[in-house]
Amino acid sequence: MSYEEVKRKEHALHLKEDRIKYIICHAEVNAILNKNAVNVKNCSLYVALFPCNECAKVIIQSGIKEIIYVSDKHGHKKPTIAAKRMFDAVGIKHRQYTPKNKKIVIDFSEIDGHDVNQIPSTPVENDEIDVKQDV
């Protein structure tokens with residue numbers, strides 16, 4: 001269960017804030033468990049924060065070969081130090097991503113939905129369509 005899911009169901013689950021950490025999984029584990037592929041062997045994992053040691057165990061077992069992270073703000077803490085040692089021991093590369101822009105702004109007022117036709121045009125009879133049929 002993700003943190004957001006737990007927060008939505010917190011009242012129904014009768015949880016106190018200090019107990020939530022015992023039933024949630026971090027984003028890294030959530031991503032691996034809910035992948036849209038047979039496996040993630042030899043894949044790269046993009047994360048906001050450097051993974052903790054608990055996530056490192058799952059990452060290693062899943063076969064991921066590279067971690068790209070934005071922040072290492074917990075780099076001085078034992079769980080992060082342990083994760084780095086684990087990754088180094090098994091040859092998982094990890095590198096920090098530094099974005100060129102610190103901020104991305106999406107201004108929806110720039111989009112005029114009235115001028116955009118999102119419906120594709122209707123095909124006409126003379127259009128050739130290459131359709132292979134099973135025989």
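The structure presented is a predicted model; accordingly, all values stated were derived computationally and were not measured.
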**Request:** Go through K73 and L49 one step at a time and tell me if the side chain to side chain contact (heavy atoms under 4.5 Å, CB included) criterion holds.
**Result:** CA-CA 7 Å; K73 73 177 186 177; L49 297 174; 4.1 Å; yes
**Message:** Other members of the hydrophobic cluster containing L33, with the 4.5 Å side-chain heavy-atom rule, please.
**Reply:** V29, I32, V40, L45, V47, F50, V58, I59, I60, I64, I67, Y69, M86, F87, V90, I92
**Complete:** In terms of heavy-atom contacts, D88 and H94 come closest through OD1-NE2, 2.9 Å
**K93 and I68: CA distance, side-chain angles, deciding distance, side chain to side chain contact (heavy atoms under 4.5 Å, CB included) verdict** = CA-CA 8 Å; K93 295 181 274 180; I68 297 100; over 6 Å; no
**Message:** Can a donor-acceptor pair be found, under 3.5 Å and without considering hydrogens, that links the side chain of N101 to the backbone of K103?
**Reply:** no
**Asked** Heavy-atom count around D107 CG within 6.0 Å, excluding the residue itself: above 12?
**Response** yes
**Item:** Separation of C52 SG from H26 NE2 (nearest 0.5 Å)
**Value:** 5.0 Å
**Request:** Any pair with a residue in residues 42-56 that passes side chain to side chain donor-acceptor pair (under 3.5 Å), sequence neighbours left out, goes on the list, sorted by first then second residue, please.
**Result:** S44-E66, E54-K57
**Request:** Tell me, please, which residues at least two apart from K84 pass side-chain hydrogen bond (donor to acceptor under 3.5 Å, both in side chains).
**Result:** D72
**Request:** Determine the minimum heavy-atom distance between A83 and P51, stating which atoms define it.
**Result:** CB-O, 3.4 Å
**Item:** Minimal non-hydrogen separation, S71 against Q96, with atom names
**Value:** CA-NE2, 4.1 Å
